[in-house]
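Comments concern the structure below.
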2 protein chains.
Amino acid sequence: MPRNRRISESTVRRLSIYYRLLSGLEKEGAPTVSSRELAEKEKLTPAQVRKDLSFFGSFGTRGLGYPVRELREKIARILGLNRTWNVAVVGAGNIGSALVSYKEFQKQGFLIKLIFDNDQRKIGSSHKGIPVSDVSHLADELKAHHIDIVVIAVPGPAAQGVAEEAVSAGVRAILNFAPVSLKIPASVSLRNENMSMELEQLSYFLVGGNG
Amino acid sequence: MPRNRRISESTVRRLSIYYRLLSGLEKEGAPTVSSRELAEKEKLTPAQVRKDLSFFGSFGTRGLGYPVRELREKIARILGLNRTWNVAVVGAGNIGSALVSYKEFQKQGFLIKLIFDNDQRKIGSSHKGIPVSDVSHLADELKAHHIDIVVIAVPGPAAQGVAEEAVSAGVRAILNFAPVSLKIPASVSLRNENMSMELEQLSYFLVGGNG
DNA sequence: CTTATTATGTGAATGCGTTCACAAGAACGT
DNA sequence: ACGTTCTTGTGAACGCATTCACATAATAAG
Ligand SMILES: NC(=O)c1ccc[n+]([C@@H]2O[C@H](COP(=O)([O-])OP(=O)(O)OC[C@H]3O[C@@H](n4cnc5c(N)ncnc54)[C@H](O)[C@@H]3O)[C@@H](O)[C@H]2O)c1
Ligand SMILES: NC(=O)c1ccc[n+]([C@@H]2O[C@H](COP(=O)([O-])OP(=O)(O)OC[C@H]3O[C@@H](n4cnc5c(N)ncnc54)[C@H](O)[C@@H]3O)[C@@H](O)[C@H]2O)c1
């Protein structure tokens with residue numbers, strides 16, 4: 001059980017996948033699951049599943065598999081899903097509104113506490129019970145509400161400024177929907193969600209990789 | 001210039017990044033750009049940039065760099081961005097509506113031609129000039145309109161069925177927003193956009209990788 | 001024309017994630 | 001109790017992506 005070792009990004013991504021599978025299995029009442037079963041549900045190999053889990057300990061029983069409930073709980077702790085996180089969304093536009101409307105985030109413990117915009121017509125109105133605040137108070141509000149994660153859903157040109165404000169307020173995790181490369185300290189975790197890029201990957205596949 | 005060779009997914013993803021950077025540089029009027037400059041704008045090494053581009057040919061001039069306009073056009077051809085693609089969105093909910101409202105897709109050549117839903121109240125209404133069609137005619141309409149890419153924005157339980165319909169209609173590329181693992185033939189290109197997973201990766205980082 | 005400078009293109013080296021292969025452990029039937 | 005079956009956990013082998021390092025070439029200046 002090589003704890004403390006650096007875990008690869010791919011492994012962490014797959015932990016999310018296992019977590020989702022295990023949640024489903026738990027609802028179905030399955031007591032145990034084998035690495036083979038988990039692998040078949042996604043497009044993985046049993047060895048991959050076992051190796052991933054082995055980085056965090058030995059959770060399985062030889063000849064039997066992994067205890068569903070226990071493993072799900074263990075992964076929840078590893079991923080930090082056994083608690084809640086305070087989230088703020090910046091940009092009350094199409095994407096921002098969609099995110100706020102999405103109930104699953106709250107159920108998973110990602111609590112959207114604040115929404116920001118710079119449009120006076122939107123400020124003061126409310127989305128799903130959460131009032132839209134003025135982005136000019138961003139840093140102060142982020143601090144006051146102990147926001148852990150900031151979601152950036154503003155137009156590209158505004159994204160860098162928002163990111164810097166968030167960082168200055170002590171935020172250590174950003175999910176960015178704007179199609180720009182944010183420059184922030186390495187100590188802040190950044191994930192980009194670039195839908196255009198996804199479409200471009202599909203396009204590349206469709207043309208077969210040559211013009 | 002090792003053409004025909006299999007290009008890694010990471011390389012293709014970075015091509016999208018280079019394309020965006022080059023588009024910006026072209027607007028600014030920059031005639032050439034070096035691998036070092038490109039690398040600095042993203043978080044890459046110059047060698048990475050050169051290696052990526054070398055898979056497709058020799059576009060640069062030693063001592064000078066790459067011609068911005070030419071390289072952008074070349075990458076556009078490689079990624080299939082020098083043409084248009086017909087896109088259909090299935091699910092006229094929060095995400096589906098956000099996508100349809102997003103003008104940039106059209107500018108990039110991803111033309112959203114059809115929207116589908118199964119809610120009678122939505123069918124017949126229109127989003128941004130595109131009428132919402134009944135999903136029960138999905139396969140026929142996809143064929144009739146020569147749809148290249150299907151975006152799945154329906155609730156998880158409905159996603160697999162939509163994917164199968166799309167595949168049966170000959171669609172070869174799918175962008176899936178539902179948090180499920182779609183089972184489709186390997187000949188169909190699939191990209192998943194799972195926002196919950198992105199938040200979970202951030203959460204993992206915040207807890208430091210241990211419970 | 002020569003030298004200094006800059007920057008590409010690419011084999012070779014490196015590093016890292018994935019897969020292999022098997023010893024070891026647990027359950028179950030006889 | 002014992003053999004059969006199943007499945008984990010993991011060192012080792014493998015393969016692929018990244019990085020290194022340098023020969024090559026173009027430009028510009030003296
Ligand atoms: N909608 C999509 O489907 C889609 C797809 C891909 C990428 N994106 C990206 O997501 C981001 C948001 O897209 P959208 O469609 O929701 O845009 P939108 O225009 O609908 O919303 C942007 C919101 O941000 C607000 N805003 C602008 N500047 C601001 C600032 N400085 N501070 C705070 N708020 C500010 C605007 O008032 C608006 O309400 C953009 O960067 C876009 O490129 C969107
Ligand atoms: N909204 C978000 O921020 C968000 C975030 C993460 C993931 N997602 C995922 O994206 C998907 C869409 O989310 P949403 O928020 O837009 O949901 P939504 O409920 O707003 O929209 C779903 C739409 O699909 C339609 N629909 C349902 N079954 C259908 C079927 N069989 N055929 C055609 N249409 C059907 C519904 O009528 C509705 O209009 C879901 O799978 C959700 O889990 C959404």
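Quick note on labels: first sequence line is chain A, next is B, and so on, each numbered from 1.
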With a 4.5 Å cut-off on side-chain heavy atoms, are [Y] and [X] touching?
| X | Y | value |
| --- | --- | --- |
| B:V33 | B:L21 | no |
| A:Y204 | B:S16 | no |
| B:N194 | A:R20 | yes |

Separation of [N] [atom2] from [X] [atom1] (nearest whole Å):
| X | N | atom1 | atom2 | result |
| --- | --- | --- | --- | --- |
| B:I7 | D:dA17 | CD1 | C1' | 12 Å |
| A:L53 | D:dG9 | CG | P | 8 Å |
| B:F55 | D:dA17 | CZ | P | 8 Å |
| B:D52 | C:dT8 | CG | C1' | 14 Å |
| A:R36 | C:dT19 | CZ | C1' | 18 Å |
| A:K43 | C:dT19 | NZ | C1' | 15 Å |
| B:E9 | C:dT18 | CD | P | 12 Å |
| A:E37 | D:dT7 | CD | P | 8 Å |

| request: Answer with base, sugar-phosphate or nothing: what part of the nucleic acid does A:S35 contact at a heavy-atom distance below 4.0 Å? | output: sugar-phosphate

Considering just the side-chain nitrogens and oxygens of [X], establish if one lies under 4.0 Å of OP1 or OP2 belonging to [N].
| X | N | result |
| --- | --- | --- |
| A:R14 | C:dT18 | yes |
| B:Q48 | D:dT19 | yes |
| B:R50 | C:dG9 | no |
| A:Y66 | D:dG9 | yes |

| request: Specify the residue among A:T45 and B:K51 whose closest nucleotide of DNA chain C lies further upstream toward the 5′ end. | output: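 The answer here is B:K51.
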
| said: Return whichever of A:G63 or A:R13 has its heavy-atom-nearest nucleotide of DNA chain C closer to the 5' end. | reply: A:R13

| Taking it one step at a time, do B:L99 and B:F177 satisfy side chain to side chain contact (heavy atoms under 4.5 Å, CB included)? | CA-CA 11 Å; B:L99 295 171; B:F177 283 85; 3.8 Å; yes

| remark: The nucleotide from C:dA7, D:dA17, C:dA21 with an atom nearest the side chain of B:S8 is D:dA17

| field | Selection from C:dT10, D:dA17, D:dT8 that lies nearest to any side-chain heavy atom of A:S34 | value |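 Nearest nucleotide to the side chain: D:dT8.
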
| remark: Interatomic distance, NZ@B:K183 vs CD@A:E40, rounded to 0.5 Å, equals 9.5 Å

| query | Taking the nucleotide of DNA chain D with the closest heavy atom to each, which residue, B:T61 or A:L64, is nearer the 5' end? | reply | A:L64

| request: Could you tell me whether the side chain of B:R62 has a donor or acceptor atom within less than 3.5 Å of a complementary atom in the base of C:dT8? | output: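 Yes.
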
